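This is a predicted model, so every value here is computed, not measured. Convention: sequence-line order gives letters A, B, ...; per-chain numbering from 1.
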There are 2 protein chains.
Amino acid sequence: MPRNTRTSSGRPSVTLKDVAERVGVTSSAASMALGGHGRISEKTRQAIREAAAELGYVPSSAGRALRNQRSGAVALIVPDTSQHVLGHSYFMHVLTGISAAANARDVQVILSTTTEEAGDVAAYQRVVRSRSADGAIVTSAAVTDPGLEALVASGLPVVLIGNFPYLPDAVSVGIDDVAASRRATEHLLDVHGRTELVHVTGPLDHQTGIDRRIGFLDAIEASGGRAHGRLLEGDFSEAAGRQAVESLLGRGTGVDGIVFANDDMAFGGLQALKAAGRSVPGDVSIVGFDDFGLSRVTTPGITTMRAPAEDMARRATERLFRVIDGSGGSPDRLTLPVDLVVRDSCGCPAA
Amino acid sequence: MPRNTRTSSGRPSVTLKDVAERVGVTSSAASMALGGHGRISEKTRQAIREAAAELGYVPSSAGRALRNQRSGAVALIVPDTSQHVLGHSYFMHVLTGISAAANARDVQVILSTTTEEAGDVAAYQRVVRSRSADGAIVTSAAVTDPGLEALVASGLPVVLIGNFPYLPDAVSVGIDDVAASRRATEHLLDVHGRTELVHVTGPLDHQTGIDRRIGFLDAIEASGGRAHGRLLEGDFSEAAGRQAVESLLGRGTGVDGIVFANDDMAFGGLQALKAAGRSVPGDVSIVGFDDFGLSRVTTPGITTMRAPAEDMARRATERLFRVIDGSGGSPDRLTLPVDLVVRDSCGCPAA
DNA sequence: CTGAAAGCGCTTACAG
DNA sequence: CTGAAAGCGCTTACAG
């Protein structure tokens, strides 16, 4: 029975000292042997390894973190100020991507949801200042979020997922929302010949909302008067999509194509169109944005722009590791391609 | 400029010593002042608090964890041996519940996906043995998973989500899958008068698969010969649901009701039924299980049993805190109620 | 080349 | 009552 400490819950905890004592060496020697460093003879190294295995020794993350000044963890910070609250399938993709990259480096993932009041700068910084994580991935923050700017400016290793044109010093991974939204709009315009278009925007204090709106307007403008475009403000919620369509139909204005800034709103709009007896895509073609899961399972399936959330998260995490390591720390931005996923809601023949 | 250490990435890190020096006291005094303990005069305490705020001091989690023998974090362990891999909406609900409970106690959440080969006992234990988490929530492990039994037996604070009748020493939170599945089946039997029933099972090395199968058979048996029941084995995947229905229709056997062991399979089955020209619920009534999001958005909406995943996770986490604290550590089980969520796929009039 | 000390940051038991 | 040491577990720079 090794002489060891006990945790708060009374479990025995095996330390390096226990391993060392069993073999009759110092804990320094045990550390070096297990770390593959130093000049420990092959024989004692072997004995130490065996003792460690027998005792079920696993290094204390706290001891190691304190000594190394590095926790071996990264944090995903989820601001609750966002429309994309935890619980949205978007985060499932993000978490999957982060986990994949973190597992490859044997790094822990900390999930940090900031339940604090909005604008609390400390809320962002706490996890990294406490050094429980060596760096952070932040996603879907509002443009108006002041904490984010402070976080980036503080020099903490942070990689953002999304677009942050107002944060030139940030490292970020995202997509070209303007181009993607323009492409979605052009699909209705050019492939389906729709001319009376409506865009239901996202929240305009989020960059994605801003950019997708611009892309829509760009496409209308590029049509040279061939198409007519109107805007309705939404907030990325299913309810907003439903309400937008209801108000649209209520006003009796003509519409043959709707570009929703995301799939949740497209689904809400789809339901409202069906409820009003409008055929999709017969009467109205619709497209969404995201492809996080919803758009595939509705009837009709929603044609959408696929935002590669998992891949963005994986790349962001890999990039974060480089920032933490001090290699490639210059601010930059990675833009991933977006695919048009054709389903039934636009009017394309079923696959 | 305080004299302070630097992290690996070169950031200055404010420690208790920096705070203490600015005020001209020892770090012990600073610790006591900030902790609200000890007999520090109100005046210096005030000064210390101010200094801490000015410097942006946040306690080092490693230093604190090492000293307190407690990390202040809990881990969600996700075995990848499961059908419920990370990326499934189930985990989003679980994470939301864990986060809510953890935030209320200012505890960190670590997401631990075990990418190791199945059966690696150490994979389960590593996170807790390294003391990076004070306890763990484990969910959706296979019945055949040997690591889980070892984990529970090791005495580490663990709370399981799900049913584990073969682990009497475990603390767990779950639902009564047998009763819930029976109730779903009886809904088709009694409310809709369906008599030719089929159950598409989950994987039978998972307790949920086993139990939901039993519930179906119980309902058939209780019908006293009024209804006929058959079984088709699935694995909780959409593809399995589709294939089950295809084989069913291929054989030309009569069926007027299908009880799917989860919603993913129900959706797959629904697609196959539609593709074959069978009306749901006109020709065939179907019910699913879970209600994690999918069943609400399909057409028709899938009638299902709602497994309160978020609530289970929240309760499991609260229970875990009690185990960690040493209060209420006796093995027990909490069973939460399951609601029948009526949608269109069973034949009930639209809400 | 090897053994043992120093110190990461924290909190509390202990000496004065 | 207050000040300063001890020690959590680890790794590596340093003394011998």
Side-chain angles (χ1 to χ4, degrees), chain A residues 2-45 48 52 55-72 128-132 134, chain B residues 2-45 48 52 55-72 128-132 134:
Chain A
R3 195 148 145 276
N4 50 31
T5 57
R6 290 184 165 267
T7 65
S8 53
S9 53
R11 271 170 300 115
S13 174
V14 179
T15 72
L16 206 46
K17 195 157 141 247
D18 299 318
V19 175
E21 279 177 1
R22 166 172 284 225
V23 181
V25 298
T26 65
S27 56
S28 307
S31 173
M32 290 174 137
L34 294 175
H37 293 301
R39 201 58 48 241
I40 310 292
S41 80
E42 186 53 45
K43 195 179 126 210
T44 57
R45 176 187 311 221
I48 288 166
L55 295 175
Y57 169 73
V58 177
S60 153
S61 64
R64 194 170 252 186
L66 193 55
R67 163 74 220 203
N68 293 344
Q69 296 289 81
R70 179 183 282 226
S71 72
V128 191
R129 275 222 191 279
S130 72
R131 282 140 286 160
S132 50
D134 299 324
Chain B
R3 195 148 144 275
N4 50 31
T5 57
R6 290 185 164 266
T7 66
S8 54
S9 53
R11 268 172 301 115
S13 174
V14 179
T15 72
L16 206 46
K17 194 157 140 249
D18 299 317
V19 175
E21 279 176 3
R22 165 172 284 225
V23 181
V25 297
T26 65
S27 57
S28 307
S31 172
M32 291 173 136
L34 294 175
H37 293 301
R39 202 57 49 237
I40 309 292
S41 79
E42 186 53 44
K43 193 179 129 213
T44 57
R45 175 185 313 220
I48 289 166
L55 296 175
Y57 169 73
V58 177
S60 153
S61 63
R64 194 170 251 186
L66 193 54
R67 163 74 219 202
N68 294 344
Q69 296 289 76
R70 180 183 281 227
S71 72
V128 192
R129 275 222 192 280
S130 73
R131 282 139 284 159
S132 48
D134 299 325

Look at the side chain of A/S28 and the base of D/dT12, then say whether one donor and one acceptor between them are separated by less than 3.5 Å.
yes
For atom CZ of A/R45 and atom P of C/dT2, their distance in whole Å:
12 Å
Whole angstrom is fine here: how far is it from NZ in B/K17 over to P in C/dT11?
16 Å
Without hydrogens or angle criteria, can the side chains of B/S28 and B/S31 be said to hold a donor-acceptor pair below 3.5 Å?
no
With sugar-phosphate meaning primed atoms plus P, OP1 and OP2, does B/S60 contact a base, only sugar-phosphate, or nothing at under 4.0 Å between heavy atoms?
sugar-phosphate
How far does the C1' atom of D/dC14 sit from the matching atom of C/dG9, given to the nearest Å?
22 Å
C/dG9, D/dA13, C/dT11: which one has an atom nearest the side-chain heavy atoms of A/M32?
D/dA13
Here the distance between atom P of C/dG9 and atom CZ of A/R70, to the nearest Å, is 15 Å
Would you mind reading off the distance between B/I48 atom CD1 and D/dT2 atom P, rounded to a whole angstrom?
12 Å
In whole Å, I'd like the distance from the NZ atom of B/K43 to the P atom of D/dT2.
13 Å
I need the A/Y57 OH to A/D18 CG distance, nearest 0.5 Å.
9.5 Å
Mind checking what makes side chain to side chain donor-acceptor pair (under 3.5 Å) contact with A/S27, not counting sequence neighbours?
none
Side chain of A/R131 only, please: which of C/dG9, C/dA4, C/dC8 is the nearest?
C/dG9
OG of B/S60 to CZ of A/R129: how many Å apart, nearest 0.5 Å?
13.5 Å
Can you tell which of D/dT11, D/dG9, C/dC10 lies closest to the side chain of A/L16?
D/dT11
For A/L66 and C/dC10, what is the distance between atoms CG and P respectively, to the nearest whole Å?
9 Å
5' priority, DNA chain C, between B/A62 and B/A29 [closest heavy atom]
B/A62
Rounding to a whole Å, what distance do you find between B/N68:CG and D/dA6:C1'?
15 Å
Ignoring the backbone of A/Y57, work out which of D/dC10, D/dC8, C/dG9 is nearest its side chain.
D/dC10
Of all the heavy-atom pairs spanning A/A62 and B/A65, show the shortest one and how long it is.
CB-CB, 3.7 Å
Taking OP1 and OP2 of C/dT11, is either one under 4.0 Å from a side-chain nitrogen or oxygen of B/Q69?
no
Hey, is the side chain of B/R67 poking within less than 4.0 Å of OP1 or OP2 on C/dT12, counting only N and O atoms?
no
Just to be sure I understand: a Watson-Crick pair is purine N1 to pyrimidine N3 plus N6-O4 or O6-N4, both under 3.5 Å. Using that and G-U wobbles, which stems of three or more pairs involve DNA chain D?
C:1-3 with D:14-16, C:5-12 with D:5-12, C:14-16 with D:1-3
Minimum side-chain heavy-atom gap B/R64-B/P59 below 4.5 Å:
yes
Is there a side-chain contact between B/V128 and A/V58 in this structure, where contact means two heavy atoms from C-beta onward sitting under 4.5 Å apart?
no
